[in-house]
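Note that ligands are numbered from 1 as they come in the structure, with each ligand's atoms numbered from 1 the same way. Since this is a predicted model, take the numbers as computed values, not measurements.
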Amino acid sequence: MIKDKQALRDTVFQEVENVGITDIHTHIYPGHFGNLLLWGVDELLTYHYLIAEFFRYSSMSYAEFFALPKQAQADLIWKTLFVEHSPVSEAQRGVLTVLSKLGLDVAARDLDAYRDYFAKMSIEEYIDKVFDTAGVKTVVMTNDPFDPAEKPFWDTVGNNDRRFRAALRIDPLLNDYPNSYRKLQDWGYDVSQDLNDRSIAEIKRFLTDWIKKMDALYLAVSLPPSYTVPDDSLRSRIVEQCIIPVCREQNVPFAMMIGVKKLVNYSLGLAGDSVGKADIKTIEYLCRTYPDNKFMVTLLSKENQHELAITARKFRNLMIFGCWWFLNNPSIIDEITRLRMETLGLSFIPQHSDARVLDQLIYKWSHSRKIIAEILVDKYSDIMDAGWYVSEDEIKRDVADLFGENFWRFIGRKNG
Ligand code: RAT
Ligand code: ZN
């Protein structure tokens with residue numbers, strides 16, 4: 001048993017540093033998915049979080065910026081966000097953490113030297129290096145059969161790199177059925193616009209086929225703040241009549257990421273989405289009405305976090321996860337993770353990276369590990385004050401749960 005607070009701190013930090021992470025939500029892909037996998041300094045600099053921040057300072061027209069080649073966009077972002085102002089935002093700092101952990105000289109501020117470093121790397125070598133540096137063992141991708149750039153990979157080579165696991169992402173089906181049903185028709189599913197009984201059966205067949213084809217660990221969707229089930233919308237009917245039964249039959253969770261206001265500034269493209277508060281009643285309804293289904297939920301609005309944690313106390317078929325997107329700032333991660341731990345013990349998934357660029361695994365996890373380790377130290381220290389001592393093995397177990405095992409156990413699969 002550890003009875004000394006400094007030893008406690010050292011052990012927690014060591015275990016958190018060494019744990020092999022399962023990152024349950026990313027946007028990265030194995031090397032053989034070609035251009036779908038973004039990596040390197042120009043991709044880091046043109047991350048949509050940084051594009052939004054660039055326009056805080058620049059008066060350039062959106063059209064002019066987006067017409068530039070990637071490297072010219074990266075040059076502008078570097079100059080504006082890093083040279084002309086100090087890079088203190090979380091996404092800005094992230095670039096510096098990545099360069100530094102790769103062993104590059106951040107103090108030199110030499111963008112060309114960073115470019116040279118990446119130019120000499122092969123992608124396979126670099127994937128190994130990033131996973132190793134980030135301490136990530138497995139990532140779950142975002143796999144969208146409605147994406148014409150991605151679908152062909154699944155129709156042909158598929159994926160057998162076990163570091164990358166699939167999640168079937170179905171935003172167009174739920175958020176844009178009046179258009180996406182035509183794609184299902186093209187792929188041989190007998191669906192119609194009015195969602196009759198035949199369409200419901202065919203959508204179920206489509207979902208089942210793709211869960212199997214990808215070996216998807218869960219089915220996922222991003223949803224607006226107004227998302228409501230039950231109601232008489234097509235979306236609500238597809239959830240209850242197609243997704244719920246298929247997820248139960250296939251024993252995969254339904255992951256809902258709720259709170260995105262799409263394109264509040266459409267000129268900004270991917271950087272133009274914003275946030276709104278979700279209605280917790282929908283989650284309560286789904287968890288209560290379908291106790292044999294599993295739900296994974298992350299909410300984008302900070303204002304939703306307390307009621308979400310409380311809802312997880314009420315429903316064991318609900319796993320809450322991550323500090324998503326606009327919540328992925330140190331002060332907010334700290335606050336939300338403390339709230340969750342004080343409410344749920346260790347029975348949640350504190351973080352995912354949402355990495356869109358491979359290299360981001362490095363900074364997102366390095367920053368989050370530190371915050372989560374600090375919180376664990378505080379919590380163990382509080383119970384130590386009451387006379388409860390944890391052992392090194394217990395710390396190892398708890399850390400493994402938070403950074404991976406909780407997910408694998410919830411989905412009913414073995415880690416790896
Ligand atoms: O965090 C992001 O990069 C967002 O643009 C989205 O990708 C979001 O995470 C999502 O999965 O929809
Ligand atoms: Zn995402």
query = What are the protein N/O/S atoms, named by residue and atom, that sit under 2.8 Å from the Zn ion (ligand 2)?
reply = His25 NE2, His27 NE2, Asp354 OD1
Are the aromatic ring centres of [X] and [Y] under 6.0 angstrom apart?
X	Y	value
Tyr266	Phe66	no
His85	Tyr57	yes
Phe65	Phe54	yes

remark   = Near ligand 1 (heavy atom, under 4.0 angstrom), the protein residues are His25, His27, His48, Tyr49, Arg169, Ser222, Met257, Trp324, Trp325, Asp354, Arg356
ask   = With a 4.5 Å limit on heavy-atom distance, are the side chains of Thr337 and Ile371 in contact?
value = no
task = Using salt bridge (Lys or Arg N to Asp or Glu O under 4.0 Å) as the criterion, list what pairs up with Lys129, not counting sequence neighbours.
result = none
remark   = Residues passing the salt bridge (Lys or Arg N to Asp or Glu O under 4.0 Å) test with Arg409, sequence neighbours excluded, are Asp401
ask   = Side chains of Thr46 and Gln73: donor-acceptor distance under 3.5 Å anywhere?
value = no
inquiry  = One pair to check against side chain to side chain donor-acceptor pair (under 3.5 Å): Ser199 and Asn196. What are the steps and the verdict?
reply    = CA-CA 5 Å; Ser199 301; Asn196 55 21; 2.8 Å; yes
ask   = Of the options Ile283, Thr311, Ile320, Ile244, which is the one that meets Phe295 in a side-chain contact (heavy atoms from CB on, under 4.5 Å)?
value = Ile244
